[in-house]
Amino acid sequence: MDKNQIVQLLEGIGELLALKEGSSVFELRAYENGARALNSLDGDIKQLVKEGKLKGTPGLGPTIIKRIEEAVETDHIAFYDELVANTPAVKLDMLRIPGLGPKRINTIYEQVKVTSLAELEQACKENRVAVLPGFGKKTQDKILQGIAFLSEHADRFLYPVAEEEAARIHEALATLPEIVRHQVAGSLRRRRETVKDIDMVVSVADDAGPEARRKIMEFFTTQPTVKAITGKGETKSSVILGSGIAMDLRVVADRQFPYTLHHFTGSREHHIPLRRRAQSMNMTINDYGLFKINGEQEELVPCQTEADIYAALGMEYVEPELREDMGEIEAAAQHTLPTLVEEKDIRGVLHAHSTWSDGHNSIREMAEACIERGYSYLGLTDHSKAAAYAGGLSEDDLMKQGEEIDRLNEEFAGRFRILKGTECDILRDGTLDFPDHILAKLDFVVASIHSNFQLSPQEQTERMVRAIANPYVSIIGHPTGRILLSREGYQLDMEAVIEAAARHGVCIEINAHPSRLDLDWHLVRKARDKGIKVPIGPDAHSLAGIDVIRYGIGAARKGWLRANDVLNTLETEALLAFFHVQRNRG
DNA sequence: GCCGTTTTCGGCCCGACTGTTTTCAGTCG
């Protein structure tokens, strides 16, 4: 069991304890802290356990260490299993409804006696929830809304969950000598921010017999992460994996591989205009091949790769991320597709926290982690004072932090630079949490909304636009505040926000955290078209948090961004010059 | 369950907001 899985178990214990009546709120907080503490540890967990290195880590006491050791040794935590067995599943389901916490869940469970979300929905519609003590009409409506949101997103998974599950199977399959080519397809390959199921295509030699296919399918359906088999044949098998995500594996002859891969990569929306184009060229395309139509005859157009398929249709190769019917068909036909930004183009980090606010690592540790990863700079952005829950800095603290940064920069001189920044709260009225004369002392400012989510769309838009107009604001952080699969962003007119940002020369970030990916890629494209520079910010709260940049790269590529559309592809001097010009915009 | 320049018991992050109340509990970040 790896570190992430153990972190999830510890977090799970926290949730389960919250739902257990009579349990201590401090005990569950201890598990949440423990999960966070473990998550921020670097290195192989098995090694750490073996060397007894967990002891002394703040947040990890004797009991939690024992549970971590148990997980490493047995792949289970008995305490967790026991809690799961004693917790009604509907309580866990209810926990995912925004606005419902442990207390209200227990009240509903005790007094309305629901056993499923469907029953809860029914109870709300019959007004049986609003009458409970401490509840009311608005709470009941909010619960109904939450249930509707969940049923819309229930069967989707965050990209990293799907990616990790797919990678495990992919690695295992790659060891089979019968397999010639293997590739993840579907929305995962297109790097959608959430994924419903995993599609994988593998090929066997053109002359391979059925036993080769049977062997692959047997191997696939008996992988340790397979929880259930929902279908098993020689060309297609379907399973449910440990996280609950469904996965399909297709096995084809190698000559058919590019066509099948292309078909199952999608998207459906991309294929519709593509088929139209094929038709206009007297061809037809499906998952078996690309065919030239000669009267009654269909003649296969031989293709070794997907690039060959596009070439046969008179097009440039279309990267999977772009296959969303966002104009890529026309652009590929005119050979005007952008050269998309890649992870290696990123030169530094522009949204990160340290122990000065709610980060887990010191500035030095964060800086050294950036150096290790080959970056040239770290734009440090601890929270401002209004973000009290996150240990936001006062003006005094911010200035003291600046002194620490100066000392470190002297030490790193010539090879690395820490930029002085802040993630400054945008207050309710659109003013910033620090006065201008303080902001003027920083290299750059990320401005974000962390409160008053409920303002009307008009008020929220005005608030954001007012912040954008402040000449010290360099970047708007996580502009819509959405949490994928969990809550919608705050209501605002993003078109107007993008318009204002373009007018004032302010950047809008892609917050690369896989639960955010905010700005959404559809809007990234709009921002780019208005000439807005888009930083890809990890919003890192730990060393490992820096690495989520690659998810942001996915969103950037889906939004058609080239390297020079991304702010943090600039080298240090060019970046500082950019901020300088931005600040003197008048 | 964790932690200690109040150290083995008694605290534990906290302010804002919402919807429910009529002074506050629950939730969130």
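Being a predicted model, the structure only gives us computed values, none of them experimental. Naming convention: chains lettered A, B, ... in sequence-line order (proteins, then strands); numbering from 1 in each chain.
Between A:A386 and A:P62, the residue anchored nearer the 5' end of DNA chain B, judged by the nucleotide with its closest heavy atom, is A:P62.
Taking atom C1' in both B:dG26 and B:dT20, the straight-line distance is 10 Å, to the nearest Å. B:dT8 sits 10 Å from B:dC3 when the C1' atoms are compared, rounded to a whole Å. The gap from the C1' atom of B:dT7 to that of B:dC2 amounts to 13 Å, rounded to the nearest Å. Straight-line distance between the C1' atoms of B:dC13 and B:dG19: roughly 24 Å, to the nearest whole Å. Rounded to whole Å, the separation between the P atoms of B:dC17 and B:dT23 comes to 23 Å. If you take atom C1' in B:dT5 and the same atom in B:dG1, they sit 24 Å apart, rounded to whole Å. One P atom belongs to B:dT21, the other to B:dG15, and the distance between them is 26 Å to the nearest Å. For B:dA16 and B:dG11, the P atoms lie 25 Å apart once the distance is rounded to whole Å.
Ring pair A:H541/A:H353 is parallel by interplanar angle, where below 30° counts as parallel and above 60° as perpendicular.
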Review item, nucleotides 13-15 of chain B N/O atoms under 3.5 Å of protein N/O:
| residue | atom | partner | partner atom | Å |
| --- | --- | --- | --- | --- |
| B:dC13 | OP1 | A:R29 | NH1 | 3.4 |

Return the polar atom pairs (N/O with N/O) between nucleotides 20-28 of chain B and the protein under 3.5 Å, or none.
| residue | atom | partner | partner atom | Å |
| --- | --- | --- | --- | --- |
| B:dT20 | OP1 | A:G136 | N | 2.9 |
| B:dT20 | OP1 | A:G136 | O | 3.2 |
| B:dT20 | OP1 | A:K137 | N | 3.2 |
| B:dT20 | OP1 | A:K138 | N | 3.4 |
| B:dT20 | OP1 | A:T139 | N | 3.3 |
| B:dT20 | OP1 | A:T139 | OG1 | 3.2 |
| B:dT20 | O3' | A:F135 | O | 3.3 |
| B:dT27 | OP1 | A:G101 | N | 2.4 |
| B:dT27 | OP1 | A:G101 | O | 2.9 |
| B:dT27 | OP1 | A:R104 | N | 3.3 |
| B:dT27 | OP2 | A:K103 | N | 3.3 |
| B:dT27 | O5' | A:G101 | N | 3.4 |
| B:dC28 | OP1 | A:G99 | N | 2.8 |

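In this structure, A:I449 places its CD1 atom 15 Å from C1' of B:dC17, rounding to the nearest Å. A straight line from CD1 of A:I65 to P of B:dC2 spans 8 Å, rounded to a whole angstrom. As a whole-Å value, the separation of A:L60 CG from B:dC3 P is 7 Å. Between the CZ atom of A:R67 and the P atom of B:dC2 there is a distance of 9 Å, given to the nearest Å. One interatomic measurement links the two molecules: CG of A:L38 to C1' of B:dC2, which rounds to 15 Å at whole-angstrom precision. As a whole-Å value, the separation of A:I13 CD1 from B:dC2 P is 11 Å. Separating the OH atom of A:Y80 from the P atom of B:dG1 is a distance of 18 Å, rounded to the nearest angstrom. If you measure from atom NZ of A:K55 to atom C1' of B:dC3, you get 14 Å, rounded to the nearest angstrom.
Under the 4.5 Å side-chain criterion, counting only non-hydrogen atoms from C-beta, A:E411 is in contact with A:R364. By the 4.5 Å heavy-atom criterion applied to side chains, A:V341 and A:D565 are not counted as neighbours. Between A:L10 and A:V7, every side-chain heavy-atom pair lies at or beyond the 4.5 Å cut-off. Side-chain contact between A:E495 and A:K530: absent, with no pair of heavy atoms (C-beta onward) separated by less than 4.5 Å.
Residue A:S451 is out of contact with every strand shown, counting any heavy-atom pair closer than 4.0 Å. In this structure, A:D358 reaches neither bases nor backbone, as no heavy-atom distance under 4.0 Å exists between it and the strands shown. Residue A:G59 is classed as a sugar-phosphate contact, given heavy-atom separations below 4.0 Å to backbone atoms only.
With values rounded to the nearest 0.5 angstrom, A:R67 atom CZ is found 14.5 Å from A:L38 atom CG. Atoms NE2 and CD1, on A:H478 and A:I508 in that order, are 13.5 Å from each other to the nearest 0.5 Å. To the nearest 0.5 angstrom, A:S384 atom OG is 9.0 Å from A:L439 atom CG.
Side-chain atoms of A:N452 lie closest to B:dC17 of the nucleotides B:dG1, B:dC3, B:dC17.
With no hydrogens or angles considered, a side-chain donor-acceptor pair links A:H351 and A:E509 at under 3.5 Å.
Nucleotide B:dC9 forms a pair with B:dG4, judged by Watson-Crick or G-U wobble geometry with both contacts under 3.5 Å.
Residue A:Q401 forms a side chain to side chain donor-acceptor pair (under 3.5 Å) with just one option from A:D382, A:T422, A:D406, A:D396, and that option is A:D382.
Taking both residues in full, the closest heavy atoms of A:R128 and A:Q122 are given as NH2-C, 4.3 Å, listed atom of the first, atom of the second, then distance. Between A:T355 and A:S362, the closest heavy-atom pair is OG1-CA, 3.6 Å.
DNA chain B lies under 4.0 Å from no heavy atom of any residue of residues 422-434 of chain A.
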Practice prompt. Quick one: do A:E163 and A:R550 satisfy salt bridge (charged side-chain N to carboxylate O under 4.0 Å, His left out)? Show the steps, please.
Written response: CA-CA 12 Å; A:E163 184 191 44; A:R550 63 193 195 84; 2.8 Å; yes

